[in-house]
Amino acid sequence: MQLNENSTSVTDRVTSQPLSIEVENLQHGYTRGSIDLKIENWQIQHGDHVFLHGESGSGKTTLLNLIAGILTPQTGEVRLLGQTFSGLSARKRDQFRARHIGVVFQQFNLIPYLTVLQNIMVAGYFAKKSDDIERRATQLLTELKLPTSILQQQASQLSVGQQQRVAIARALINQPELLIVDEPTSALDAGARDTFMRILLDICRSKLTTLLFVSHDMSLKHYFSSSIDIHSLKQSQGSTVC
Ligand SMILES: Nc1ncnc2c1ncn2[C@@H]1O[C@H](COP(=O)(O)OP(=O)(O)OP(=O)(O)O)[C@@H](O)[C@H]1O
């Protein structure tokens, strides 16, 4: 299936989106690693907010990397938005990821010597969506409850909580249909974690963005419409369970 590369309205998204994520007969292991990840079938509907949990070392990040196309599965298939993603060339995968998927990594991966705006602009550049980026970045920072003066600040000068929100802004700048977030709250205290989760989920709801959120912290489960343990995912044929 071909994707329309132009940006879509929120109404279009409700009516016309295929499944966000489909995983089929996926298998992946590391040559010298201790896991052998096997998932027969898993689907996430468009607009869902899914909490994927499992203890440290259970393979959560590996699965996210397979879904985001950072790793290629040894066998099986990942389809994103109806597109067979794992079968694309590396260049096409990068293009697709830049336009349709926002990824927030555990360590945020901001470029420390660039300003916040420059960090966000890099994401716009890769997706070839640089128009009007300062205005869009300003709006996102406001939605994320950050002062817009932060745009001119170097990423290395930000607190962990600020870095986390800037990483979300960078991931959302290209209006992706899917946002993947890997364990972003471990450095926050309980109050800051709650504020962050509420802001993140409000933004995803308002933009109808599918959210796949990974953590080992079960206290976050109640924020999500569905949740799944990576172990049951490995064993079952199942779709998302609550
Ligand atoms: N590049 C790699 N090469 C070899 N083994 C790896 C590699 N990356 C991860 N592993 C191993 O695969 C297993 C799963 O790692 P992964 O990072 O996916 O787990 P996780 O559930 O995300 O853990 P955490 O919650 O601690 O981040 C671990 O045993 C890890 O050591």
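Numbering of ligands and ligand atoms starts at 1, following listing order.
The shortest heavy-atom distance from Gly57 to ligand 1 is under 4.0 Å.
Between Ile67 and Ile180, the shortest heavy-atom contact is CG2-CD1, 3.8 Å. Looking at every heavy atom in both residues, Ile111 comes nearest to Ala155 through O-CB, 3.6 Å.
Close contacts of ligand 1 with Thr62, meaning ligand atoms under 4.0 Å from a residue heavy atom, involve 15 (O), 16 (P), 18 (O). Numbered from 1 in the order shown, with element, the atoms of ligand 1 that lie under 4.0 Å from a heavy atom of Lys60 read 18 (O), 19 (O), 20 (P), 21 (O), 22 (O), 23 (O), 24 (P), 25 (O).
Between atom CZ of residue Phe196 and atom CD of residue Gln164 there is a gap of 4.0 Å, rounded to the nearest 0.5 Å.
Between Phe96 and His100, the ring-plane angle classifies as tilted under the 30° and 60° cut-offs.
Judged purely by distance below 3.5 Å, without hydrogens or angles, the side chains of Thr115 and Gln154 never pair a donor atom with an acceptor atom.
Heavy-atom proximity to atom 24 (P) of ligand 1, evaluated over Ser58, Ser56, Gly54, Gly59, is greatest for Ser56. Among His53, His216, Glu55, Gln106, the residue whose heavy atom lies nearest to atom 27 (O) of ligand 1 is Gln106.
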